[in-house]
Amino acid sequence: MSIRKYQEKKEHPHPHIGALVRKVMVAKNISSAELSRRLGLSSTGVGVYLTRSSLQFGILWDIGIELKHDFLLEIANHYPEGFPMNENAKITKELEEKKAKIADLEKEIEIYKNALGIRK
């Protein structure tokens with residue numbers, strides 16, 4: 001059996017997509033038969049998906065919609081430590097806004113502490 005290029009061992013292997021899907025199914029208590037019904041597929045087809053280390057984007061998208069789970073973010077969480085985030089991604093912008101808000105609140109707390117004479 002030949003191994004495909006994306007299945008070769010690498011320094012930073014991608015997560016096993018079938019295992020990620022199965023984990024979400026178990027957490028949400030959804031059987032293969034139920035997911036098959038939702039996707040309009042045979043249960044054999046879904047069973048094959050669960051054994052695959054990689055799935056086409058459209059298939060993963062449909063599964064994510066049916067399971068109401070963001071597989072894209074979960075996959076992004078498997079990138080190596082320090083991997084640069086997409087600056088234009090909504091979640092990146094939200095994170096930066098939250099960090100700025102926290103910094104402002106910390107300054108405000110310091111002002112109140114000083115006004116009340118509270119020391120660290």
Side-chain angles (χ1 to χ4, degrees):
M1 180 175 171
S2 68
I3 191 163
R4 295 179 186 219
K5 187 78 172 161
Y6 70 88
Q7 293 174 321
E8 292 176 358
K9 296 288 183 194
K10 298 179 179 113
E11 181 182 353
H12 302 289
H14 65 81
H16 191 286
I17 304 303
L20 288 178
V21 171
R22 184 179 302 278
K23 180 181 80 170
V24 171
M25 289 171 61
V26 167
K28 293 184 178 242
N29 201 25
I30 296 173
S31 67
S32 294
E34 174 60 25
L35 183 58
S36 299
R37 278 191 293 279
R38 292 181 186 186
L39 293 170
L41 301 171
S42 70
S43 56
T44 306
V46 169
V48 169
Y49 291 164
L50 299 177
T51 64
R52 297 236 172 111
S53 66
S54 180
L55 291 173
Q56 291 179 0
F57 179 79
I59 294 169
L60 187 60
W61 179 268
D62 290 344
I63 292 170
I65 295 295
E66 292 304 326
L67 294 177
K68 293 178 177 45
H69 184 79
D70 185 355
F71 285 104
L72 301 181
L73 183 57
E74 185 159 350
I75 291 167
N77 288 335
H78 283 82
Y79 280 127
E81 187 71 31
F83 197 80
M85 296 177 73
N86 179 345
E87 294 174 4
N88 297 319
K90 184 169 66 171
I91 194 165
T92 303
K93 290 178 181 178
E94 288 174 4
L95 178 62
E96 291 306 315
E97 290 170 4
K98 300 292 183 198
K99 285 180 180 178
K101 181 71 173 173
I102 289 169
D104 289 344
L105 291 170
E106 286 174 341
K107 288 178 190 174
E108 193 174 326
I109 289 170
E110 273 305 309
I111 291 169
Y112 287 128
K113 283 182 176 180
N114 287 336
L116 294 172
I118 300 172
R119 304 278 182 229
K120 291 183 182 180

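Excluded from the calculations below are hydrogen atoms, water molecules and symmetry mates; all remaining heavy atoms, backbone and side chain alike, are included.
By the ring-ring contact (aromatic ring centres under 6.0 Å, His included) test, Phe57 is found to be paired with Trp61, residues two or more places apart in sequence or in another chain being considered. Qualifying side-chain hydrogen bond (donor to acceptor under 3.5 Å, both in side chains) partners for Glu34, counting only residues two or more places apart in sequence or in other chains: Arg37, Arg38. For Lys101, there are no salt bridge (charged side-chain N to carboxylate O under 4.0 Å, His left out) partners, not counting sequence neighbours. For Arg22, the salt bridge (charged side-chain N to carboxylate O under 4.0 Å, His left out) test picks out no residue, with sequence neighbours left out.
Residues Ile65 and Phe71 do not share a hydrophobic cluster, defined by chaining ILVMFWY side chains whose heavy atoms lie under 4.5 Å apart.
The 12-atom threshold is not exceeded at CG of Asn29, counting heavy atoms of other residues, nucleotides or ligands nearer than 6.0 Å.
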Residues 72-79 side chain polar contacts: donor-acceptor under 3.5 Å, at least two apart:
unit_1: Glu74; atom_1: OE1; unit_2: His69; atom_2: NE2; d: 2.5
unit_1: Glu74; atom_1: OE2; unit_2: Lys23; atom_2: NZ; d: 2.8
unit_1: Asn77; atom_1: ND2; unit_2: Leu73; atom_2: O; d: 3.4
unit_1: His78; atom_1: ND1; unit_2: Glu74; atom_2: O; d: 2.9

Using residues 91-99 as the side-chain source, report each donor-acceptor pair under 3.5 Å to any protein atom, sequence neighbours left out, with the distance given to one decimal.
unit_1: Thr92; atom_1: OG1; unit_2: Asn86; atom_2: O; d: 2.9

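Every pair tested for ring-ring contact (aromatic ring centres under 6.0 Å, His included) that includes a residue from residues 25-53 fails, sequence neighbours excluded, so the list is empty. Within the structure, salt bridge (charged side-chain N to carboxylate O under 4.0 Å, His left out) pairs that include any residue of residues 55-73 do not occur (at least two apart or interchain).
Residue Tyr112 shares its hydrophobic cluster (ILVMFWY side chains chained together at separations under 4.5 Å) with no other residue.
Between the NE2 atom in His14 and the CG atom in Leu20 there is a gap of 10.5 Å [rounded to 0.5 Å]. Going from atom CG of Leu105 over to atom CD1 of Ile102 covers 7.5 Å, rounded to the nearest 0.5 Å. Note that CD1 of Ile118 and CD1 of Ile109 are 10.5 Å apart. Values are rounded to the nearest 0.5 Å. One distance of note links OG of Ser54 with CG of Leu60; it measures 9.0 Å at 0.5 Å rounding. Taken from CE in Met25 to CD1 in Ile63, the straight-line distance is 8.5 Å, to the nearest 0.5 Å.
Proximity of Leu39 to Ile59: side-chain heavy atoms (C-beta onward) are nowhere separated by under 4.5 Å.
Of all heavy-atom pairs spanning Ser36 and Ser42, the tightest one is OG-O, 3.5 Å.
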